[in-house]
Amino acid sequence: AQTVTQSQPEMSVQEAETVTLSCTYDTSENNYYLFWYKQPPSRQMILVIRQEAYKQQNATENRFSVNFQKAAKSFSLKISDSQLGDTAMYFCAFMRSGANNLFFGTGTRLTVIP
Amino acid sequence: KAGVTQTPRYLIKTRGQQVTLSCSPISGHRSVSWYQQTPGQGLQFLFEYFSETQRNKGNFPGRFSGRQFSNSRSEMNVSTLELGDSALYLCASSQDGASNQPQHFGDGTRLSIL
């Protein structure tokens with residue numbers, strides 16, 4: 001079974017600063033995908049960034065980047081130049097290769113302070 | 001391109017009733033997955049449909065069922081509603097359900113059981 005752990009229930013960051021959200025996971029699979037999703041108060045789950053486990057290079061998407069440590073089963077999200085619109089719940093998620101169901105962590109509520 | 005559309009947005013039911021939720025995927029997407037989001041249990045996978053067939057199922061009782069139509073629209077049905085079924089139900093679609101494709105989520109249906 002897969003489990004995803006987000007140990008930071010809440011975080012805050014000053015506007016324009018950098019913040020890192022933590023995520024660890026447990027799996028016996030070798031091929032899988034990891035995701036960070038953002039859920040603002042509007043409720044819609046929005047894909048922020050995706051990482052394929054077989055790729056050593058960390059994924060980046062504009063101000064968002066990940067630090068993927070496969071051996072440590074760690075997948076943290078770094079948000080640079082934080083903006084007020086980044087305020088949301090952030091969920092780390094795991095998907096086994098060949099499957100199409102996501103396993104989510106419990107989420108981190110991020111507040112960007114003006 | 002229109003996003004994933006879920007109807008209704010809000011629903012109030014009483015214990016023992018049944019309910020049907022609807023999800024229209026992004027045009028061209030053939031895979032539809034359903035998730036339940038509650039404060040206590042977080043986000044949990046319910047089931048996935050592809051080409052009108054249930055392809056994957058989470059750990060939920062038989063009261064939870066679904067179906068998919070030839071136009072890829074999907075419905076989820078919950079019978080004999082319980083208080084614990086109060087949740088945000090999210091639908092996600094992807095092109096053909098391959099795990100290397102991102103899932104796109106709708107805004108969800110907020111179901112409240114009185």
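Please read these numbers as outputs of a predicted model, since none were measured by experiment. Letters A, B, ... are given to chains in the order of the sequence lines, protein chains preceding strands, and every chain is numbered from 1.
Surrounding NZ of A/K78 are at most 12 heavy atoms belonging to other residues, nucleotides or ligands under 6.0 Å away. In the displayed structure, B/E52 atom CD is contacted under 6.0 Å by more than 12 heavy atoms of other residues, nucleotides or ligands. A 6.0 Å sphere centred on CZ of A/R109 holds no more than 12 heavy atoms belonging to other residues, nucleotides or ligands. Heavy atoms from other residues, nucleotides or ligands lying under 6.0 Å from NZ of A/K55 number 12 at most. In this structure, B/R15 places its CZ atom where only 12 or fewer heavy-atom neighbours from other residues, nucleotides or ligands lie under 6.0 Å away.
The contact between B/Y35 and chain A is made entirely by side chain atoms (from C-beta outward), counting heavy-atom distances below 4.5 Å. Of the two parts of B/Q37, only the side chain, counted from C-beta on, holds a non-hydrogen atom closer than 4.5 Å to a non-hydrogen atom of chain A. Heavy atoms closer than 4.5 Å to chain A are found in both the backbone and the side chain of B/D107. Neither the backbone nor the side chain of A/F103 comes within less than 4.5 Å of any heavy atom of chain B.
A/L110 and A/L77 fall within a single hydrophobic cluster, where Ile, Leu, Val, Met, Phe, Trp and Tyr are joined by side-chain heavy atoms under 4.5 Å apart, directly or via other members. B/F45 and A/F94 fall into different hydrophobic clusters, where Ile, Leu, Val, Met, Phe, Trp and Tyr residues are linked whenever their side-chain heavy atoms come under 4.5 Å apart, directly or through other members. One hydrophobic cluster holds both B/F105 and A/Y33 under the rule that ILVMFWY side chains link at heavy-atom gaps under 4.5 Å. Placement of B/V32 and A/F104 in two distinct hydrophobic clusters is found when ILVMFWY residues are connected by side-chain heavy-atom separations under 4.5 Å, directly or transitively. A/M45 and B/Y10 fall into different hydrophobic clusters, defined by Ile, Leu, Val, Met, Phe, Trp and Tyr side-chain heavy atoms under 4.5 Å apart, directly or through other members.
Residues forming a ring pair (Phe, Tyr, Trp, His ring centres under 6.0 Å) with B/F60 (at least two apart in sequence, or on another chain): B/F64.
Two residues are said to be in side-chain contact when any heavy atoms from C-beta on lie closer than 4.5 Å; B/Q6 and A/R43 fail this criterion.
Here CG of A/N100 is found 4.5 Å from OG of B/S33. Values are rounded to the nearest 0.5 Å. Distance check, rounded to the nearest 0.5 Å: CG of A/L47 to NE2 of B/H104 gives 7.5 Å. In this structure, the separation between CG on B/L90 and OH on A/Y37 is 11.0 Å, given to the nearest 0.5 Å.
Closest approach of A/L102 to B/Q103, counting heavy atoms only: CD1-OE1, 3.6 Å.
For residues 79-87 of chain B, an interface with chain A (any heavy-atom pair closer than 4.5 Å) does not exist.
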ask   = Can you check side-chain contact (heavy atoms from CB on, under 4.5 Å) on A/Q44 and B/V4, steps first, answer last?
value = CA-CA 10 Å; A/Q44 187 180 30; B/V4 177; over 6 Å; no

